Amino acid sequence: MIRLSAFADEIAANLDAQIMVLQSEHIHAIDLRSMWGVNVLDLSDQQVAQIQQTLAAHNIQVAAIASPLGKVPIDSQFAASQQRFERALELAQTLHTPFIRIFSFYPPASHDIEAPFDHWADWRDEVLTRLQSMTQRAHEVGITLIHENEKAIYGDTIERCLDLMNAISDTHFQAAFDPANFIQCAQVPYPGGYTKLHPWIDYMHVKDALANGAVVAAGEGEAHWPDLLQHLRQDGYDGFFSLEPHLAAAGQYQGFSGPALFKRASQAFQGLLRDMQWEYS
């Protein structure tokens, strides 16, 4: 059965406030991206233990470690990323989740990421070398890396995402499919993106966008969510749908919706599932 999760820091920075809204929306899992304004990879062991204990008391699991790994320039020192990656692996094991969300690197530091980058071919080998190293390490400990397509990284287009999946070719490197992000990169998530990437889709991010890139609730934009859901169901998708609404703000490392807008996004998506009678938990 498919399951709902949420980037709960879109609700509030405080764990208790997050839980109150999650329970009202009958969501029993979170993608842990930050807590109390602290990025997941910078949480102390004591904070992690507090999160784990509180979530368990409310029957909420961690669906994924929503790390920012790979959101650094491709010419940055890889050793720093490797150290943070080891922390992500440790957290995934501690919090009993098989998934770590990652990205595929920004252009070189000298390039403005707000401008188009036309030289990815020169950096493709370095991108693959780094991601293959991370994938091999994840494979060793039984963790799956889920690559999110996002603006300005190597894997921001459908074709480069497909290139990553084919080149790395490891079951521990899969896709976190984000339709809204593709729209913001002038890509067509459905049917084009889904048709090409569905063999690797192991995780779904739930948000939508208008043609101008403005983020809206699922079903209100250009992602064709009803058709996409039907196709996912037909193809036997049996994973998480993680709400990441970004309805109030969207930043480079984090978005925000607030309780009211998060509820609106949750109810819009759950309404789509109910309309097609797709059971979920």
Side-chain angles (χ1 to χ4, degrees), residues 5 7 31-33 39-42 62-108 117 120-178 181-182 185 187 193-194 196-205 235 237-240 242 244 253:
S5 183
F7 283 73
D31 289 49
L32 184 55
R33 180 173 57 191
N39 182 269
V40 60
L41 300 187
D42 298 316
V62 175
I65 302 300
S67 84
L69 290 162
K71 278 195 169 185
V72 294
I74 187 59
D75 58 349
S76 61
Q77 290 294 320
F78 187 41
S81 292
Q82 288 175 306
Q83 289 179 349
R84 289 177 70 73
F85 180 53
E86 288 299 322
R87 177 57 173 169
L89 292 174
E90 179 184 354
L91 290 172
Q93 292 170 310
T94 297
L95 294 168
H96 307 294
T97 175
F99 296 117
I100 297 174
R101 187 270 305 265
I102 66 166
F103 302 90
S104 51
F105 301 97
Y106 288 132
F117 184 64
W120 271 123
D122 298 335
W123 292 94
R124 176 180 179 271
D125 288 348
E126 183 62 24
V127 169
L128 290 176
T129 295
R130 294 184 180 202
L131 292 179
Q132 285 168 336
S133 173
M134 295 166 68
T135 301
Q136 181 178 354
R137 180 75 181 101
H139 198 146
E140 290 172 358
V141 297
I143 299 296
T144 297
L145 306 182
I146 46 174
H147 172 267
E148 179 178 350
N149 55 284
E150 170 135 341
K151 182 180 178 180
I153 63 173
Y154 180 85
D156 62 357
T157 66
I158 294 164
E159 290 303 324
R160 285 199 293 267
C161 285
L162 184 61
D163 178 42
L164 289 176
M165 297 302 151
N166 281 319
I168 295 175
S169 188
D170 190 304
T171 57
H172 290 259
F173 183 84
Q174 300 291 305
F177 192 85
D178 191 311
N181 288 355
F182 274 139
C185 296
Q187 303 286 290
Y194 179 79
K196 291 187 175 183
L197 294 171
H198 81 85
W200 297 277
I201 295 174
D202 214 7
Y203 214 86
M204 290 293 302
H205 284 178
D235 288 340
Y237 182 74
D238 189 28
F240 281 101
S242 185
E244 189 190 14
Y253 297 103

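Just so you know, residue 1 is the first one in the sequence shown, and it goes up from there. What you see is a predicted model; the values in this text were computed from it and never measured. The figures that follow rest on heavy atoms only: side chains count, while hydrogens, waters and symmetry mates do not.
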Minimum heavy-atom separation for [X] to [Y], with atom names?
X      : Y      : value
His147 : Ser104 : NE2-OG, 2.8 Å
Gly155 : Leu164 : CA-CD1, 4.2 Å
Cys161 : Phe182 : SG-CZ, 4.0 Å
Ala63  : Phe99  : O-CD1, 3.5 Å
His198 : Asp235 : ND1-OD2, 4.0 Å

| field | Option from Val62, Asp31, Ile65 for which side chain to side chain contact (heavy atoms under 4.5 Å, CB included) with Val40 holds | value | Ile65

Find the distance between [atom1] ([X]) and [atom2] ([Y]) and round it off to the nearest 0.5 Å.
X      : Y      : atom1 : atom2 : answer
Leu197 : Glu159 : CG    : CD    : 8.5 Å
Glu90  : Phe85  : CD    : CZ    : 12.5 Å
Leu145 : His139 : CG    : NE2   : 11.0 Å
Trp200 : Ser169 : CH2   : OG    : 8.5 Å
Ile201 : Tyr237 : CD1   : OH    : 8.0 Å
Asp202 : Asp238 : CG    : CG    : 10.0 Å

| request: Answer yes or no: does atom CD of Gln77 have more than 12 heavy-atom neighbours from other residues, nucleotides or ligands under 6.0 Å? | output: no

| task | Flag yes if more than 12 heavy atoms outside Gln136 fall under 6.0 Å of its CD atom; otherwise flag no. | result | no

Please examine the side chains of [Y] and [X], heavy atoms only from C-beta on, and report whether any two atoms are closer than 4.5 Å.
X      : Y      : result
Ile153 : Val127 : no
Arg84  : Asp42  : yes
Phe105 : Tyr154 : no
Pro108 : Phe117 : yes
Pro107 : Trp123 : no
Leu91  : Ile100 : no
Leu162 : Thr157 : no

| request: Spell out, as yes or no, whether a donor-acceptor pair under 3.5 Å connects the side chain of Ser133 to the backbone of Thr129. | output: no

| request: Say whether, by atom type as modelled, one donor and one acceptor occur between the side chain of His172 and the main chain of Ile143 under 3.5 angstrom. | output: yes

| field | Step-by-step side-chain contact (heavy atoms from CB on, under 4.5 Å) determination, Arg130 to Ile74 | value | CA-CA 9 Å; Arg130 294 184 180 202; Ile74 187 59; 3.9 Å; yes

| query | Looking at residues at least two apart in the chain, or sitting in another chain, which of them share a side chain to side chain contact (heavy atoms under 4.5 Å, CB included) with Asp178? | reply | Glu148, Asn149, Ala180, Asn181, His205, Lys207, Glu244

| request: Walk me through it: do Arg137 and Gln82 pass the test side-chain contact (heavy atoms from CB on, under 4.5 Å)? | output: CA-CA 10 Å; Arg137 180 75 181 101; Gln82 288 175 306; over 6 Å; no

| Worked verdict on Asp170 versus Thr135 for side-chain hydrogen bond (donor to acceptor under 3.5 Å, both in side chains) | CA-CA 8 Å; Asp170 190 304; Thr135 301; over 6 Å; no

| message | Could you tell me if Arg101 sits above the aromatic ring of Tyr203, with its cationic atom closer than 6.0 Å to the ring centre and no more than 45 degrees from the axis? | response | no

